[in-house]
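In what follows, chains carry the letters A, B, and so on, assigned in the order in which the sequence lines appear, proteins first and then strands, with residues in each chain numbered from 1.
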Protein chains: 2
Amino acid sequence: MTRYGTLYGIGVGPGDPDLITLKAIKTLQKVDVVLAAASTRNEASLALSIARPHLGQETKTLRLNFPMTRDAAVLENAWRENAATVADILDAGKSAAFLTLGDPLTYSTFGYLLRVLALHTDAPVEVIPGITSYQAAAAFTGRVLVESGENLAVVSGVADEATLTRVLENSQCAVILKAYKNLPTIRRVLAKLGLGDACVFVTRLGLEGEEIITGLDNLPEKPSYYSLLLVRRER
Amino acid sequence: MTRYGTLYGIGVGPGDPDLITLKAIKTLQKVDVVLAAASTRNEASLALSIARPHLGQETKTLRLNFPMTRDAAVLENAWRENAATVADILDAGKSAAFLTLGDPLTYSTFGYLLRVLALHTDAPVEVIPGITSYQAAAAFTGRVLVESGENLAVVSGVADEATLTRVLENSQCAVILKAYKNLPTIRRVLAKLGLGDACVFVTRLGLEGEEIITGLDNLPEKPSYYSLLLVRRER
């Protein structure tokens, strides 16, 4: 009889090594293997660098590689292979922690891993939440995210113009993540809705090149991947 | 010349004492005074109980009292008095930590304190984010909050029926906080939108009487104050 190891989905927070929870630290200290995966190599490295000071002496680290492609079949194949690797670890009775920047259940790849992993093993899964980039941005700028009587929309900046417009029209408060590739579109939508004064753009928080820009007039031409917008209407 | 103390707004997380960040712990260990305030006595007690193991030997705790009333004038007066108390501490060069359950900038009273405090002192403020109740609920149930290509709405269950309907119509994913007083209305809206199968109700997470209820058929008659709903449509 094999006893499965547990898979822990761990949110390591937004980048500041001190914005990790005590529960994540205790878990990192006891797991056999730490797994890092992300759509970009930098995210995986950053997640690992946050976790590393907390790892036990015997802990192994393993990077799950994903091809840089939008080809769904190629990606699905990579997920299957990586899930099989993780299942092998758990089936051998070893515990593993899958790292994600921010929170494992908020725009993370951890959900994909869970779905594919369930095809390979019955090993138990435990999720440890993490501080999101937008909470850190709000804290850093001292801006309220959402208050009593308001609602908050969290949306990706890669959404189309109609979706962005509809979401912003129906919320007092909003967070627009991944505000880089489509920043011109996002800016146009915000301006059209008269929300210029309600915005602050936060880029590379806690990293080199960190910047806070209020309003829409001085947004960068080539924004970093680590960019988001906080929006809150005056009442 | 007086040197101001710093006011720290600290999110102590959703209840589990291990879901507090390292940064919050380090800050609690160094501040002179810890402040707890909330709309209910239980919330203040819970926040204090999470912080207590991390406090230095010399740290004082102070409860800011708010009358249990909806009278805006009475409440505003209480805020002014409490802000004056906090300002006196900071102006004397002492540092203080204001505790909030969850995150200080997400449906917290910390924003009110900041606004009133600014009338009394120029002391610096630093915010330390915390894990929200809905992140903890998603982690506990192993449900994805929001994934690539989706958007997430965070809304209070005390919102009116029209607002709830509009928000749920425009989001793949939603969190309905404070799902207690208006639970019959919330249930009706979710049923009308065909979202019964997309819901899970989480109550008293990490507390006595913790329960997870899938769907809308078995919701409690008298839900606890610590209740929320997670909603995610199938794609």
Side-chain angles (χ1 to χ4, degrees), chain A residues 9 11 13-14 16-27 39 54 103-112 114-115 125-132 135-136 138-156 158-159 163-164 166-167 169-171 173 175, chain B residues 9 11 13-14 16-27 39 54 103-112 114-115 125-132 135-136 138-156 158-159 163-164 166-167 169-171 173 175:
Chain A
D16 179 340
D18 280 355
L19 285 181
I20 189 171
T21 66
L22 199 52
K23 190 166 185 178
I25 292 171
K26 287 181 179 177
T27 306
S39 50
H54 306 297
D103 179 78
L105 299 172
T106 306
Y107 292 114
S108 148
T109 52
F110 183 66
Y112 297 100
L114 282 190
R115 284 194 289 275
V125 174
E126 193 179 321
V127 183
I128 300 171
I131 302 293
T132 60
Q135 290 178 286
F140 190 69
T141 59
R143 283 169 61 102
V144 168
L145 271 175
V146 59
E147 216 163 60
S148 178
E150 302 173 336
N151 60 325
L152 170 71
V154 183
V155 62
S156 164
V158 302
T163 301
L164 275 176
R166 210 175 57 238
V167 165
E169 276 174 346
N170 285 298
S171 316
C173 311
V175 172
Chain B
D16 178 341
D18 280 355
L19 285 182
I20 190 171
T21 66
L22 199 52
K23 190 165 185 178
I25 292 171
K26 287 180 179 177
T27 306
S39 50
H54 307 296
D103 180 79
L105 299 171
T106 306
Y107 292 113
S108 148
T109 51
F110 184 66
Y112 297 99
L114 283 189
R115 284 195 289 276
V125 174
E126 194 178 318
V127 183
I128 299 171
I131 303 292
T132 60
Q135 290 178 284
F140 189 69
T141 59
R143 285 169 60 102
V144 167
L145 272 175
V146 59
E147 215 162 61
S148 178
E150 301 173 338
N151 61 325
L152 170 71
V154 183
V155 62
S156 165
V158 303
T163 301
L164 275 175
R166 211 175 57 238
V167 164
E169 277 175 343
N170 286 295
S171 315
C173 311
V175 172

Which of [options] touches chain B most, by non-hydrogen pairs under 4.5 Å:
options                      : result
A/T132, A/D16, A/L19, A/V167 : A/L19
A/S148, A/G142, A/S156       : A/S148
A/G130, A/A136, A/G149       : A/G130
A/V127, A/T141, A/D18        : A/D18
A/T21, A/D103, A/I128        : A/T21

Could you look at A/A159 and say if it's the side chain, the backbone, both or neither that has a heavy atom under 4.5 Å from chain B?
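A/A159 has no heavy atom closer than 4.5 Å to chain B.
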Does any backbone or side-chain atom of A/Y112 lie under 4.5 Å from a heavy atom of chain B? Answer side chain, backbone, both or neither.
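Both parts, backbone and side chain.
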Candidate pair A/I25 and B/L22, rule side-chain contact (heavy atoms from CB on, under 4.5 Å), full reasoning:
CA-CA 9 Å; A/I25 292 171; B/L22 199 52; 3.8 Å; yes
Given that the side chain runs from C-beta out, which part of [X] has a heavy atom under 4.5 Å from chain A: side chain, backbone, both or neither?
X      : result
B/S171 : neither
B/V146 : both
B/V155 : both

Apply the side-chain contact (heavy atoms from CB on, under 4.5 Å) test between A/V154 and each candidate in B/V175, B/L152, B/N151, B/L145; give the one that qualifies.
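That would be B/L152.
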Mind ranking B/L114, B/V125, B/I131, B/V144 by heavy-atom pairs under 4.5 Å with chain A and telling me who comes out on top?
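If we count pairs closer than 4.5 Å to chain A, B/I131 comes out on top.
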Which of B/E150, B/Q135, B/E169 touches chain A most, by non-hydrogen pairs under 4.5 Å:
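Heavy-atom pairs under 4.5 Å are most numerous for B/Q135.
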Ion pair check, B/E147 and A/R115, cut-off under 4.0 Å
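Yes.
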Which pair of heavy atoms, one from A/N170 and one from B/R166, lies closest together, and at what distance?
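For A/N170 and B/R166, the tightest heavy-atom pair comes out as OD1-NE, 2.8 Å.
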